[in-house]
Amino acid sequence: MEDKIKNLLKQNNGIITTKQIEGIGISRVHIKQFIESGIIERVEKGIYIARDMIEDEFYIFQMKNNNAIFSYNTAMYFHGETERTPHEIDVTVYSGYNTQRFPKNIRVHYVKKENLNLGVITLETPYGFNVKAYNLERIVCDILKGRNIGIDKEQTNKFIRNVLKNKKVDISKIYKYARELKCVKQLEAVMEWII
């Protein structure tokens, strides 16, 4: 049984769930034994990591909350567009999504359900795990649409100036997103100021 768990950990980059354990024919009853023998460690309800692994809070959070997309400062961080490690993790969910079980360090932003996946891409966390986050174009539009959201204004101005001036964004894509998110006027004002 130990070999089965070790192989499962290897296949899943050191993170496994109760459902995956049961999927290889091991009963929940044995999970406690694996914890006691030091093979795995419980990090959240139903989520376990290899004992020698560093916990990736971004990846584990998104495993539990598949509809939460990393956004704003956190997405900028994953893109390498800010030097600051975020103290609060920014995520965007659709309006009405239950966020009561989110940890205190999560700053939640809400959008219409139809706009949630606009600009979603896969990015790597600092620990090498793939998570869903917004692309640069979407981050710019989100910032322009919601200036009063507790985000560092100096940092966001620097980010917008950098990605637009250095042509890191697709202009046609950013205008498409701006139309969807209803922030074309804000985008045009910024484009005039930068260009």
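Computed over heavy atoms, backbone and side chain alike; hydrogens, waters and symmetry mates excluded.
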Between T156 and Y72, is there a side-chain donor-acceptor contact under 3.5 Å, judged purely by atom types and distance? no

For the residue pair F58 and Y77, categorise the inter-ring angle as parallel (less than 30°), tilted (30 to 60°) or perpendicular (more than 60°). tilted

Using the test side-chain contact (heavy atoms from CB on, under 4.5 Å), find all partners of Q155 that sit at least two apart in sequence or belong to another chain. N73, M76, T82, R84, D152

Sequence neighbours excluded - salt bridge (Lys or Arg N to Asp or Glu O under 4.0 Å) pairs with any residue from residues 160-186: E81-K168

Salt bridge (Lys or Arg N to Asp or Glu O under 4.0 Å): pairs with one or both residues in residues 112-133, sequence neighbours excluded: none

Among all residues two or more places apart in sequence or in another chain, which pass the side-chain hydrogen bond (donor to acceptor under 3.5 Å, both in side chains) test with N166? N162

Contacts of Y94 meeting ring pair (Phe, Tyr, Trp, His ring centres under 6.0 Å) (sequence neighbours excluded), chain-then-number -> Y97

Can you list everything that forms a ring pair (Phe, Tyr, Trp, His ring centres under 6.0 Å) with F61? Sequence neighbours excluded, please. F102

If I compare all heavy atoms of S71 with all of H109, which pair ends up nearest, and what's the gap? OG-CD2, 3.9 Å

side-chain contact (heavy atoms from CB on, under 4.5 Å) with N13: which residues, sequence neighbours excluded? F129

With ILVMFWY side chains joined below 4.5 Å, transitively, what does Y177's cluster contain besides itself? L118, L181

Once you round to the nearest 0.5 Å, how far does CG of N12 lie from CD1 of I15? 9.0 Å

Side-chain donor-acceptor pairs of residues 28-41 under 3.5 Å, sequence neighbours excluded:
unit_1	atom_1	unit_2	atom_2	d
R28	NE	E22	OE2	2.7
H30	ND1	Q33	OE1	3.0
S37	OG	Q33	O	3.1
S37	OG	F34	O	3.2
E41	OE1	R51	NH1	3.4

Sequence neighbours left out, what passes salt bridge (charged side-chain N to carboxylate O under 4.0 Å, His left out) with K64? Give chain and number order. E44

Can you name the side-chain hydrogen bond (donor to acceptor under 3.5 Å, both in side chains) partners of T74, sequence neighbours left out? none

Salt bridge (charged side-chain N to carboxylate O under 4.0 Å, His left out) filter on E55, not counting sequence neighbours, yields none

